[in-house]
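Here's the structure we're looking at; comments come further down.
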Amino acid sequence: MRKMLSLLLALMMLLSMTTIASAEATQEIIYALANEPDGIDPSITNNSFASPILVNAFEGLFTYDTTTGLLVYGEAADCVVSDDGLVYTFTLKDNLKWSDGTPHTAQDYVYTIKRILIPETAAKYVTNVTDYIVGAQEYYDGTTTDFETVGVKATDDKTLVFTLKAPISFFPALLSMWTFSPVQAATIEANGDQWTNKAETYVSNGPFMVSELNLGESVVLVKNPHYYDADKVKLEKITFRYIADQSTSLMAYENGEIDGMNTVPSSDYARLKASDSGLVLSAAYGTVYYNFNCEKAPFDNVLVRKAFNLAIDRYTIINDVAQTDAEPAFSFMSPGYVLDGEEFVEGRSDFGLSDEADVEAAQAALAEAGYPNGEGFPEITLSYYTNESVKKIVEALAEMLETNLNIKVKITNADWAIFYEDVLAGNFDLCAMGWSGDYVHPMTFLMLLKTGDINNLGGYSNADYDALVNQALSMTDDKAAMEVMRQADNLVSADYPVLSLYYKSNTMLMNPAVQGYLVTASNHLLLKTAYVAE
């Protein structure tokens, strides 16, 4: 009898353990991305489509706390700033390693900056280095070949020193950008620009590392056991699947085949918002707009750009076409920067624009530009990248422009990589674009319209605007600098360098069982502390 009781108890314990084990959630998620990025080299790309991969596979000196959303130290353990605000001395955390288990030191940051400053690297965020760090512009231009003159040095394995041209209050936020995430010299020197093409050569330093790279299909991340904070990482596997068609993604989501998706079909937005669907809305620091090609006619004429802005019904685009929660944009600069309780855009002009189209004013501006009732105006091409929601907006814009300005509009589209190559080459008239601030400071927007900036895709140029931006960059008083930046914003907004539509809100779908993640104001999905609840 005792033996039978013992066997019975053992069987009950085994069943109980099996039940507990089956109740534990598998720490894996599948997340759909609507577009494949043009590259996943953090030193090169400025493509937001790469963000989910880069912000989870890499980490710089600063990152964001996934609970509070505040900027916190990443690989940095401490930082001392000189009294004049020009020198930042960082001490790195102990025993940092790459995802291949090899040591990672302050010299890796120096190597990364040097690589960015080599023109052949074609780093799209190079101005975030050349504009702020001593000697960086001269080294990039080739006026000096001595890298020792550049203000970034590793005094030992754990100490990294930056020397700036002028004090900038947002330098820590700037360093949180993936551009400043270190890359490993050994894998790049061994594999050249192909290092990002294979999982085994894609060495990173963040909470996750790449285990699979399936071109056109998916990128798979797994927990990085060598990450300094690996104990806090709960997800074992993240699969980012590329699904271009939003309806297909939504069907997969609602069938439980994927756990989340980074775009929401506009036609389903209202239904998803009204139901317990896992729709996630968060504050954003960004703008949806279209770039004019300001370097060629007819968009080199400010009156033409003004006419286009007046001819757009933003209310209809937001509520009937995009069907999203958004605020109409009358300027490139998004709300969201607050200094001492004061919002940057508080009291800003609407620059003659409104929620609805002002057809009479639009036609008057076009006539003043030399095209009365659209006569003699060339057929223009409205270009966009393949995306269901963007397609609907483009079609609505084309109809508004044709109807309200009596002009002809042709629509073209291509996958992102091809579309973006044309944009970079200036092969467009008016193209779909958007910007999420890389950090919450007006300069992340203002620099994009500065003459010669690598990210000034529309080729806009205004010497007075450039002077104001440069003045703000050199100022040490944040409050005074904000007033100068406001002057720059007002000046450029009255020049209508872009066709502004609306200010972004971050929208995605995520299974409610997935918890502990953060969506930043720049729309970066940080999964370091995410987990799947039982």
Side-chain angles (χ1 to χ4, degrees), residues 22-37 40 47-57 66 199 206-223 233-282 284 322-324 385-392 415-416 505-520 523-534:
S22 64
E24 291 178 355
T26 302
Q27 295 302 315
E28 298 180 9
I29 65 170
I30 302 174
Y31 190 85
L33 305 177
N35 297 86
E36 186 171 9
I40 51 173
N47 186 347
S48 62
F49 299 141
S51 166
I53 300 162
L54 296 180
V55 300
N56 290 294
T66 52
F208 299 94
M209 61 187 196
V210 171
S211 65
E212 294 181 38
L213 282 169
N214 304 305
L215 184 66
E217 295 181 6
S218 65
V219 173
V220 180
L221 305 183
V222 295
K223 180 177 177 177
V233 180
K234 298 176 183 178
L235 290 177
E236 295 293 336
K237 182 179 180 181
I238 305 163
T239 301
F240 290 116
R241 281 180 56 188
Y242 301 127
I243 306 178
D245 183 72
Q246 294 179 0
S247 298
T248 302
S249 289
L250 182 58
M251 184 180 298
Y253 177 78
E254 295 187 321
N255 289 339
E257 297 168 20
I258 62 175
D259 299 290
M261 52 190 286
N262 71 335
T263 57
V264 178
S266 57
S267 56
D268 293 279
Y269 180 80
R271 173 180 68 83
L272 294 167
K273 187 178 180 182
S275 63
D276 187 19
S277 62
L279 185 70
V280 180
L281 303 175
S282 58
Q323 297 184 32
T324 187
Y385 54 90
T386 304
N387 179 285
E388 182 182 329
S389 295
V390 177
K391 179 176 184 289
K392 291 179 179 179
D415 289 341
W416 171 262
S505 60
N506 294 327
T507 308
M508 70 174 189
L509 285 167
M510 185 71 91
N511 186 326
V514 182
Q515 300 175 17
Y517 59 87
L518 171 71
V519 181
T520 70
N523 202 20
H524 298 323
L525 176 62
L526 299 179
L527 295 167
K528 171 181 172 177
T529 55
Y531 63 96
V532 182
E534 293 180 10

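All figures in this text were calculated on a predicted structure; none of them were measured in a lab.
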Quick one: are [X] and [Y] in side-chain contact, heavy atoms under 4.5 Å?
X: Ile30; Y: Glu257; result: no
X: Met510; Y: Leu525; result: yes
X: Leu33; Y: Pro52; result: yes
X: Leu272; Y: Leu250; result: yes
X: Gln246; Y: Asn387; result: yes
X: Glu388; Y: Asp245; result: yes
X: Asn523; Y: Ser51; result: no
X: Ile243; Y: Met251; result: no

Atom of [X], atom of [Y] and distance for their closest heavy-atom approach:
X: Ser249; Y: Ala32; result: OG-CB, 3.9 Å
X: Pro512; Y: Tyr253; result: CD-OH, 4.4 Å
X: Ala533; Y: Ala25; result: O-CB, 3.5 Å

Evaluate the side-chain contact (heavy atoms from CB on, under 4.5 Å) criterion for residues Lys234 and Thr529: first the C-alpha distance (whole Å), next the side-chain angles of each, then the deciding distance (0.1 Å), finally the verdict. CA-CA 6 Å; Lys234 298 176 183 178; Thr529 55; over 6 Å; no
What is the distance from atom [atom1] of [X] to atom [atom2] of [Y], rounded to the nearest 0.5 Å?
X: Thr26; Y: Leu235; atom1: OG1; atom2: CG; result: 11.0 Å
X: Arg241; Y: Glu217; atom1: CZ; atom2: CD; result: 9.5 Å
X: Ser389; Y: Gln323; atom1: OG; atom2: CD; result: 9.5 Å
X: Ile238; Y: Gln27; atom1: CD1; atom2: CD; result: 11.0 Å
X: His524; Y: Asn506; atom1: NE2; atom2: CG; result: 10.0 Å
X: Asn47; Y: Ile40; atom1: CG; atom2: CD1; result: 11.5 Å

Side chain [X], main chain [Y], donor-acceptor under 3.5 Å:
X: Lys392; Y: Ser266; answer: no
X: Tyr385; Y: Val390; answer: no
X: Ser275; Y: Arg271; answer: yes
X: Asn56; Y: Leu527; answer: yes
X: Asn262; Y: Ala34; answer: yes

Would you say [atom1] of [X] has more than 12 non-hydrogen atoms from neighbouring residues, nucleotides or ligands within 6.0 angstrom?
X: Asn255; atom1: CG; value: yes
X: Lys223; atom1: NZ; value: yes
X: Lys391; atom1: NZ; value: no

For the pair Thr507 and Leu279, evaluate side-chain contact (heavy atoms from CB on, under 4.5 Å) and give the outcome as yes or no after the intermediate values. CA-CA 7 Å; Thr507 308; Leu279 185 70; 3.7 Å; yes
Would Glu36 and Leu215 count as a side-chain contact (heavy atoms from CB on, under 4.5 Å) here? Give the steps. CA-CA 9 Å; Glu36 186 171 9; Leu215 184 66; 3.6 Å; yes
Verify whether the ring centers belonging to Tyr31 and Tyr517 lie closer than 6.0 Å. no
For Val264 and Leu509: C-alpha separation, side-chain torsions, deciding distance, then whether side-chain contact (heavy atoms from CB on, under 4.5 Å) applies. CA-CA 7 Å; Val264 178; Leu509 285 167; 4.1 Å; yes
